[in-house]
Structure formats: structure tokens, C-alpha cells
K.L.:
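I have a structure I would like to understand better, so I am pasting it below and will then ask my questions one at a time.
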Amino acid sequence: MLLLAFHTLHPFPPRPDGCVIQTRLMRSQNFIHHIPLLALRKRPSATSLVGIPKAAAVPHPPPGKINADEDLNTSSYVKYKPLAAKLPKKNDTVKLAAVFGLWYFQNVIFNICNKKALGLFPYPWLIASFQLLVGSLWMTGLWATKLQPFPRVNRKFLLALLGPGLFHAIGHTSACIAFTKLAVSFIHVINASEPCFSVVITALHGHFYPIHIWLSVIPIVAGCALAAVTEASFNAAGLWGALVSNVCFVLRNIYSKQSFYEYKHIDGLNLYGCISIVSLLYLIPVAVIVEGRHWLQGYQTAIAAAGSPSSFYTWVLLSGVFYHLYNQTLYQALDEISPLRFSVGDAMRRVVVIIATVIVFRNPVRPLNAVGSAMAIFGTFLYSQATAVGKKGKKKRQMITKKR
């Protein structure tokens, strides 16, 4: 009634497209009141009548016919939006938890299946090639069905793929070599040392991190060293495989940033798919040369150890599928998750994978080994936080400089 009286006393011309105004009082009563949006003028009487604070003056839209479905020109007047659109989305936390939960699940399944497959068939060059083949076929299917838009590429882009593709091929194969020699939990502790190689290799390329980032890698080095000394399944070849994998993935990331700077229109998933295809082309001939003569005998041994061909095929196929799926989830999530949130999620991912694989494979864990693992993972978290905060501060300083 008060709104009707107010509208009667002040007959302003209503907007032709209308708008839904939802006040706090109406939301508390689960009620949405549909009234035309009024052009509020600066008058002393325009105070709150039903608990609505005094609104600021807003101009009329330009004369003429207005289409409610079109975006209005905000240079001449304010674009009107429902008040509810400004409220934070309640399902963001649920969505974030679902993304991280799916990523953790896929990562755990991959690590278990990969360890099982390489335990039965210890030929990492062939297993790594098969996993990249599964990912390449998966991306080809997404592009063919138009579920994922095919990237616009040219000859220069294909040449830019050669470097990152090579490092990805060597890094993934080295990781598979480590899986044949070490416990999965220890591999992830060694993988936590990747930031150490990142700051050193980046410095060799002429870019130096601030001192607080260098300090953040100290607990990583100390934790990895303590875990290595006390690891029950320690193997030198496996350790070198994990370390080489770290170096190659760091180089892949560095050269990807340099090579694909001009191709920002290509999203992360498409870029990863293209790198996987190039890596597969690198690996197939090398795998045949290095291991090809042993595959037949290894296959027969694997079938006998697995008990049935279907069991062996299942472990190998699942390792390939989940290797691509967890990377796909990662690249899709990176577009929507802030670096700070991702750093927390990535640190927790290592914890989840280590605990899950220790339970599944019943690996012995000594107290000092557990302390070293915790130190390394915590150091990785500190490094991620430090770099994320540094990037945010750098971006803020650049914005201030531009304003000046």
C-alpha cells in the first residue's frame, strides 16, 4: 500500500522493459515483487518506506524503443540489474569442492592403476606411450564431436609445440620409470621438490625470484632429504627418474610460456591435447628402439602374473584413461580457480594421494619418513602461496602505475 501511495504521489514514467526488484524484506518472506523500475529523482521524500535505504539518483535510459533482452549502453546511463545478482553465489563452495574432489579421485585412481600396470609389465616407455595415445584419441574425439572447440593453429604454432612436447615426453616417461622402482608415496614426496628446480632454472634464464620465494624452498629440500634417507623402498634409478621428471616438467612450463605467448586464444585443455599428440610422436619410435625386443616376453609374464588377460588389460587401460582425465580436470579448473586456492588444493592432493597409496599398497612408513614428507609438502604449499601473492602484488603495482 505504501508503495502504491508513493507511486501515485510521484507518477514517474515507468521503464518499458520492467525489472524485478527484490528487497531484503521481500527475500526474508520468500516473496519477489514485480514492479516497473522507477527513475528515482533527488527528493527529500525519497527515503526508506519499507526498509529500503535511500537510493542514489540514476538517469533515464535514452528515448526510443528498448529491448529488454539486449545489453544497454552504459556510457549514457546505468545498466539495471536485480539486487539478487550482486549477492555472492552460495554454490561456489560446493562447485569448488566438487572440482577438487573429482581431481583427487582421478589422481588417486591413476596412481594406483599406473603402479599396478607397471608392476605387471615393467616397460615404462611403452606404458607412457599408451597413456599419451589414450589422451590423444580422447582429445580427437572431443574435437570431432565439437564438445571441445578445435584450436586455430598454424605452422608457427606447430613448430612452437616441438620443445614443450619433447620435455613432456621425457618427463612423463621418467615418471613411469620411477613408478617401476619406488613406492608411489615416495615418488610424490620427490615430486614436491619441483619448485626447487623451478627457481634455479628460472634464474639460469635470467629471471630471479624474490628472496622470500627462495626461502620457501628450504623446507622442501630438507623434507625431501629426510624422506630419502629414511625411505624403505629407496632406489637410485627410481630417484633419478623422479628428479629428471621434475626438471623436464619445469622446462616444459618455462618454454610453454615463452613459445605460446602469442596464442592466448588457445585454452589450457587444447594446449595440453596438442602437446600430448606431439609427445606421442616423439615416444613411439624411441620406445620401439629401447624396449621393443622385450615386449612379447614381458607380455607373457604379465598375463601369467595377472591371472587373466582381462585383469592386465584393465589396469593398463584405466591408467591411460585416468591419466588424461585428471589432467583434463586440472586444465579446465585452472581457468576458474585462483592461484591461491589452487595452491591449497594441490598441497592437499599430494596428501590424499600419499595416504591412499600407503593404504592400498601397505607401504611401510617410518616416523622420520613421515616427518620429511610433511615438511616437503608444507614447503610446496609455502612456495605456491608466496608465488601467488607475488603475482597478485605485481599485478596491483602495474595497475597503479598505469593509473599514474
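Nothing here was measured: the structure is a model prediction, and the numbers come from that model.
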K.L.:
Between F110 and Y323, what is the ring plane arrangement, given parallel below 30°, perpendicular above 60°, and tilted in between?
P.N.:
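Answer is tilted, since the angle falls between 30° and 60°.
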K.L.:
Looking at K181, is its backbone amide N or carbonyl O close enough to the side chain of N235 to form a donor-acceptor pair, meaning the two atoms are under 3.5 Å apart?
P.N.:
no
K.L.:
Given side chain to side chain donor-acceptor pair (under 3.5 Å), test N114 with W315 step by step and report yes or no.
P.N.:
CA-CA 7 Å; N114 197 36; W315 291 122; over 6 Å; no
K.L.:
I want to check something: taking the side chain as every heavy atom from C-beta on, are V244 and I177 in contact at a cut-off of under 4.5 Å?
P.N.:
no
K.L.:
With a 4.5 Å heavy-atom cut-off, do Y383 and Y209 have their side chains touching?
P.N.:
yes
K.L.:
Could you check if a side-chain atom of Y255 sits within less than 4.5 angstrom of a side-chain atom of F260, using non-hydrogen atoms only?
P.N.:
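In short, these two side chains do not touch, never coming nearer than 4.5 Å.
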K.L.:
Checking W125 now: which residues fulfil ring-ring contact (aromatic ring centres under 6.0 Å, His included) with it, not counting sequence neighbours?
P.N.:
none
K.L.:
Got a second to check how far I201's CD1 is from H207's NE2, nearest 0.5 Å?
P.N.:
13.5 Å
K.L.:
Go through the side-chain N and O atoms of S193 and N246 and say whether any donor and acceptor fall under 3.5 Å apart.
P.N.:
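Their side chains do contain a donor-acceptor pair, which is all the 3.5 Å distance test asks for.
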K.L.:
If we ignore hydrogens and angles and just use 3.5 Å, is the side chain of E194 paired with the main-chain N or O of F249 as donor and acceptor?
P.N.:
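No; zero donor-acceptor contacts below 3.5 Å.
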K.L.:
What is the minimum heavy-atom distance between A169 and L283, and which atoms define it?
P.N.:
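So the minimum-distance heavy-atom pair works out to CB-CG, 3.9 Å.
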K.L.:
Nearest 0.5 angstrom please: Q131 CD to C113 SG, how far?
P.N.:
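Spacing of CD (Q131) from SG (C113) equals 10.0 Å.
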K.L.:
Do the non-hydrogen side-chain atoms of L243 and F197 ever get within less than 4.5 Å of each other?
P.N.:
yes
K.L.:
Indicate, with yes or no, if the rings of H168 and Y282 have centres closer together than 6.0 Å.
P.N.:
no
K.L.:
Does a side-chain heavy-atom distance below 4.5 Å link H265 with Y263?
P.N.:
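SC-SC contact between H265 and Y263 confirmed.
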K.L.:
Treating H188 as the side-chain partner and V184 as the backbone partner, does any N or O pair qualify as donor plus acceptor under 3.5 Å?
P.N.:
no
K.L.:
Short question: side chain of K115, backbone of T357 - any donor-acceptor pair under 3.5 Å?
P.N.:
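Side chain of K115 to backbone of T357: no pair is present.
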K.L.:
To the nearest 0.5 Å, what is the distance between OG (S311) and CD1 (I303)?
P.N.:
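Reported to 0.5 Å precision, the distance equals 8.5 Å.
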K.L.:
Taking atom OG1 of T301 and atom CG of L296, what is their separation to the nearest 0.5 Å?
P.N.:
9.5 Å
K.L.:
Let me confirm one number: the CH2-OG distance from W240 to S245, rounded to the nearest 0.5 Å.
P.N.:
14.0 Å
K.L.:
Under the side-chain contact (heavy atoms from CB on, under 4.5 Å) criterion, do F157 and R152 qualify, and how do the steps go?
P.N.:
CA-CA 9 Å; F157 173 77; R152 302 191 306 273; over 6 Å; no
K.L.:
Please confirm whether the backbone N or O of V199 pairs with a side-chain atom of T202, one donor and one acceptor, at under 3.5 Å?
P.N.:
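A pair under 3.5 Å: no.
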K.L.:
When you measure from the side chain of T329 to the backbone of Y326, do you find a donor-acceptor pair of N or O atoms at a distance under 3.5 Å?
P.N.:
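No, because the side chain of T329 does not come within donor-acceptor range (under 3.5 Å) of the backbone of Y326.
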K.L.:
I would like to know whether L118 and Y123 meet side-chain contact (heavy atoms from CB on, under 4.5 Å); could you show each step before the answer?
P.N.:
CA-CA 7 Å; L118 286 167; Y123 297 97; over 6 Å; no
K.L.:
Ignoring hydrogens, what is the shortest heavy-atom contact between G241 and S174? Give both atom names and the distance.
P.N.:
O-CB, 3.3 Å
K.L.:
Using distance alone, with no hydrogens and no angle criterion, decide if S276 and S279 have a side-chain donor and acceptor under 3.5 Å apart.
P.N.:
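No donor-acceptor contact under 3.5 Å links the two side chains.
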K.L.:
Rounded to the nearest 0.5 Å, what separates atom CD1 in I170 from atom OG1 in T173?
P.N.:
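The distance works out to 8.0 Å.
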K.L.:
Between N270 and Q148, is a side-chain contact (heavy atoms from CB on, under 4.5 Å) present by the stated rule, with each step listed?
P.N.:
CA-CA 8 Å; N270 279 333; Q148 175 73 12; 3.2 Å; yes
